[in-house]
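To keep things clear, I will list the structure first and then write my remarks on it.
By convention in this document, chain letters (A, B, ...) are assigned in the order of the sequence lines, proteins followed by strands, and residues within each chain are numbered from 1. Heavy-atom basis, side chains included; hydrogens, waters and symmetry copies ignored.
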Amino acid sequence: MAPLSDLRVLVHASGVAAGYAARLLGGMGARVIWLEGPGGSALRGEPPFLPAEDGQDAQGDGTSALFAYLAAGAQSRVVDLATDEGRAALGALLSEADIFLDDTPVREREALGLDEASVAARHPGLIHVSVLPFGAFGPKAGWRAEEICLQHASGEGNLLPNGLSIELFPDRPPVKIYGHFAEMQGGIAAALGALSALWVRDELGGQFVDVASQDAMLAVGAFAIQRLGDGSVEHRVERSFRYGGVLPCADGYVELLTLEQRQWEGLVKLLGEPAWALDPALADSLERSRRGPEINRHIRAWAASRKVEDIVREGQKLSVPLAKYYTPGEVLRDPHEAARGLFQPVAIAGVGTLPMLVSPFQFDGAVVPLAGGPPVLGGGA
Amino acid sequence: MKPLAHKPLSGIRIADFTVHNAGPFCTHLLSQLGAEVIKVESAMRPDAFRRPHPVYGRMGPATFDQVASTKLSVRINLKKVEGIALAKRLVAVSDVAAESFRPGVTERLGLGFEALRAVKRDIIVLAVSSSGQSGPDSHFAGYAPLFGAWGGLGELTGYADGPPVEMRHVMDHTVGMNAAVAVMAALHRRRATGEGGLVDVSAREVASSLLGEALLLAAAGREPRRAGNDHPRLAPHGVYPAAGEDCWVAIAVGSDAEFRGLAGVIGRADLVENPYFATAEARHANRGELDLALAQWTAGLHAEEAVFRLQAAGVAAHTSWTTPQIVGDPHLRSRRAIVEVAEPDGTMRAAVGVPMRLSKGADIGIHRGTPKLGEDEDFVYGELLGLSRAERDALEAADVIY
């Protein structure tokens, strides 16, 4: 059976973090209900938008690919929390839920009956998870943030890009990780917090779990803090790998990273054992670090005239860690992912049936299938 | 050892065979939540943090290793048959066995899922790998930048006119945090059904899971591309220069109200009246001009000053922080997202906490530093496994406990 098939989750989300927490739990079998206002979650209006069934490019009123991904498999209930009737309906939904995920700003919660004390008083067994950019507690609890702010508030934003990109553009502002990386870390942490609090519900009852996307993004960036303790302030220029990294090839990019001695030896073979690489001094890893720029000049010249597929195929035979930079389309068509069932066709109202990423986890050799596509407002898929 | 009682995962024991970053970060999170994590190591292949590190120019062992903290350490030589037997005894008293070898390695060692199930019927095995336990690429070796490349995240990250960008430790660690969620789900299932199981986490699939909407667009025939700091809806949106060298502010503006706030703060109320910027769509279409006006204002101010003014006007903004700024932040300290930990010699240093606050139960987080190799063998071998001193001496003499 799916790991969380007994679990009932209610989510009230206008941002990615809380929505993604629900998606992760739903992806492991939990029954998820999106609590939406009469106008629907703000995420329904968030780009990118999917082209409509008739082939027309949809604009602001189209189907959000982001919402479709986050809410796949869930149900939707429309409740107007500004009314007494709505708050009564909320109470009924909460009394049936094990976990409530909410990203309402703290200052707006009390009026809607969503503050920690009110929820705990009425639903003592509920795991009430608050998911906000800076959390529900602390001097910045009321601060606003979009994804780009969170990446920079947690340190990783300042450390990107590195490697080839910063060599080419040393004076540009730092560049963010694609999409909603930091907010999704908030969602992952919220799912972890929810399941941890649920684990002790029989002993402790329900409780309040306060998650901040900033904290979660900082946690996954822990290594930079560890380096600070060691006496180094990381910087995007110095953080680059000394050699290897992003290699431009004749028809695309590959990533090359040799950290172990035997991987370096495999790389020398892959390069055809040129004279420069056979320099005995380069057998030492610290010497290679020192001479990284020189090594890179050689490797880049070698890669520039070769095709990605050839380099990757020959390199993998020699156990050299190499990967093609796949486009989303290539991930979608990847035979490896097809064999693992990473994508499942789901129906999306107004768009049609599309393959959607199911879940990054497998249990006992298979993903837990999605229950369907995203819900229409107030209904199912 | 301090008592773990009342942390949420108190009573859960994890035999931890993971190495590198992704797997150890998973068990590190669970250890901070109260699980008793027993890190299995060997003097033959000591963990990376116990060695010099050429990539980071570290000439000796690390004095603190975030992902090893709050774990117990025992030595087992898995190259010996008796070492495999000892590992199985450890798994037999554990709830979870976690590993991050290349797929197939644990089977060859005799520590595969079926072998472990034979010694503990309801064991949960977590297997973290670069490409998963099945599929044609399952044997591929990889590190964080490769996970990002295979998964599509690297391709979509970067300047629009530049190359893709390498993902770094955040990629490893998000794999670990995802894995922790999956382990918790498996524990809930075990409680409900009595069944353990195999949890397979593929790092490249975690990377792909972070761009689900772009994959959906590709499925609809579109070709999403990297776009630097651009946002498909918000404008202005980006990283703007502040006064000083390499100082930056991240700012994002969506609604009309936010734009009015921004225009007022930067002394450009005229922008609100300008039809070029009258709606969110118009501002997005003409964002280049807005970026110039905004950068002109930020460049004259200290980053924190600019951010405080923008936040006061209801605009999302944050300084592009470096690590010294992060560890000194009262907000992160108040949330225990940044904590102080002690080095072996008593020196205090900053570390990151477990990213959540729970309203009930004992304080979660780091409760001890990095264990010495084999530091907890009296407890694990003596108390948990009931090995006598003589048995342990014999295993040490035979290089099994090594």
Side-chain angles (χ1 to χ4, degrees), chain A residues 3 28 47 50 65-66 69 138-140 144-146 148-149 152-153 158 161 163-165 173 177-178 188-189 191-193 195-196 200 204 207-208 210-211 215-216 219-220 222-224 226 228-229 246 255 257 285-286 289 321 323 325 328-329 331 336 339-340 354-355 357 360-362 364, chain B residues 8 33 54 66 135-137 141 143 145-146 149-150 152 154-157 162-166 169-170 173-174 177 180-182 184-185 189 197 200 205-206 209 211-220 232-233 239 250 252 316 318 320 323 326 331 334-335 337 349 352 355-357 359-360:
Chain A
M28 294 186 291
L50 291 164
L66 185 62
Y69 177 55
K140 287 186 180 171
R144 288 168 181 256
E146 296 288 346
I148 196 166
C149 310
H152 285 271
N158 193 262
L164 181 61
S165 211
I177 300 176
Y178 166 80
I188 299 159
L192 180 60
L195 294 179
S196 301
V200 283
L204 299 180
Q207 60 172 308
F208 184 71
D210 171 12
V211 170
D215 297 353
V220 297
F223 199 73
Q226 180 167 326
L228 180 69
V246 179
E255 174 67 29
L257 187 55
S285 64
L286 288 172
S289 284
Y325 273 91
V331 175
H336 177 75
R340 283 175 60 76
L354 293 176
L357 186 140
F361 317 123
Q362 295 202 356
D364 309 320
Chain B
L33 289 163
Q66 171 86 38
D137 297 351
Y143 303 106
L146 285 87
W150 281 316
E155 173 70 18
L156 288 188
T157 299
V165 169
E166 282 164 330
H169 290 91
V170 294
H173 292 156
T174 188
M177 189 150 68
V181 174
M184 284 310 303
R189 180 175 69 170
D200 172 9
E205 289 171 3
V206 171
S209 71
L211 50 117
E213 76 284 3
L215 292 164
L216 207 48
L217 273 191
R233 177 174 65 85
V239 182
H318 206 282
S320 181
T323 49
I326 288 169
H331 178 73
S334 77
R335 299 183 56 76
R349 64 187 281 162
V352 304
M356 64 189 70
R357 298 172 72 252
S359 65
K360 291 183 180 174

Most heavy-atom pairs under 4.5 Å with chain A, out of B:E166, B:H173, B:M184, B:Q66, belong to B:E166
Chain A shares the most heavy-atom pairs under 4.5 Å, among B:G197, B:A252, B:A220, with B:A220
Honestly, the part of B:R349 sitting under 4.5 Å from a heavy atom of chain A is side chain
In the structure I gave you, are the side-chain heavy atoms of A:V246 and B:V165 within less than 4.5 Å of one another anywhere? no
Per-residue tally against chain A (heavy atom, under 4.5 Å) across B:R189, B:R357, B:R233 peaks at B:R357
Looking only at B:H331, B:M356, B:E213, B:K360, the option with the highest number of non-hydrogen pairs under 4.5 Å against chain A is B:H331
- So do A:L192 and B:L33 actually touch side chain to side chain, heavy atoms under 4.5 Å? yes
Between B:H318 and the options A:H152, A:K140, A:R144, the side chain to side chain donor-acceptor pair (under 3.5 Å) test singles out A:K140
So, the part of B:I326 with a heavy atom under 4.5 Å from chain A: the answer is side chain
Scored by heavy-atom pairs under 4.5 Å with chain B, the best of A:L66, A:L357, A:V211, A:D215 is A:D215
Correct closest heavy-atom pair for A:M28 and B:A182 would be SD-CA, 4.0 Å
Taking every heavy atom of B:L217 against every heavy atom of A:L50, the minimum-distance pair comes out as CD2-CD2, 4.0 Å
Of all heavy-atom pairs linking B:T174 and A:V220, the shortest is N-CG1, 3.8 Å
Pair count under 4.5 Å, heavy atoms only, with chain A: among B:G162, B:A219, B:A141, highest is B:A219
Nearest heavy-atom contact between A:A219 and B:P355 is CB-CG, 3.9 Å
Rounded to the nearest 0.5 angstrom, the CD1-CG distance for A:I177 and B:L211 is 11.5 Å
Bottom line for A:A323: the part with an atom under 4.5 Å from chain B's heavy atoms is both
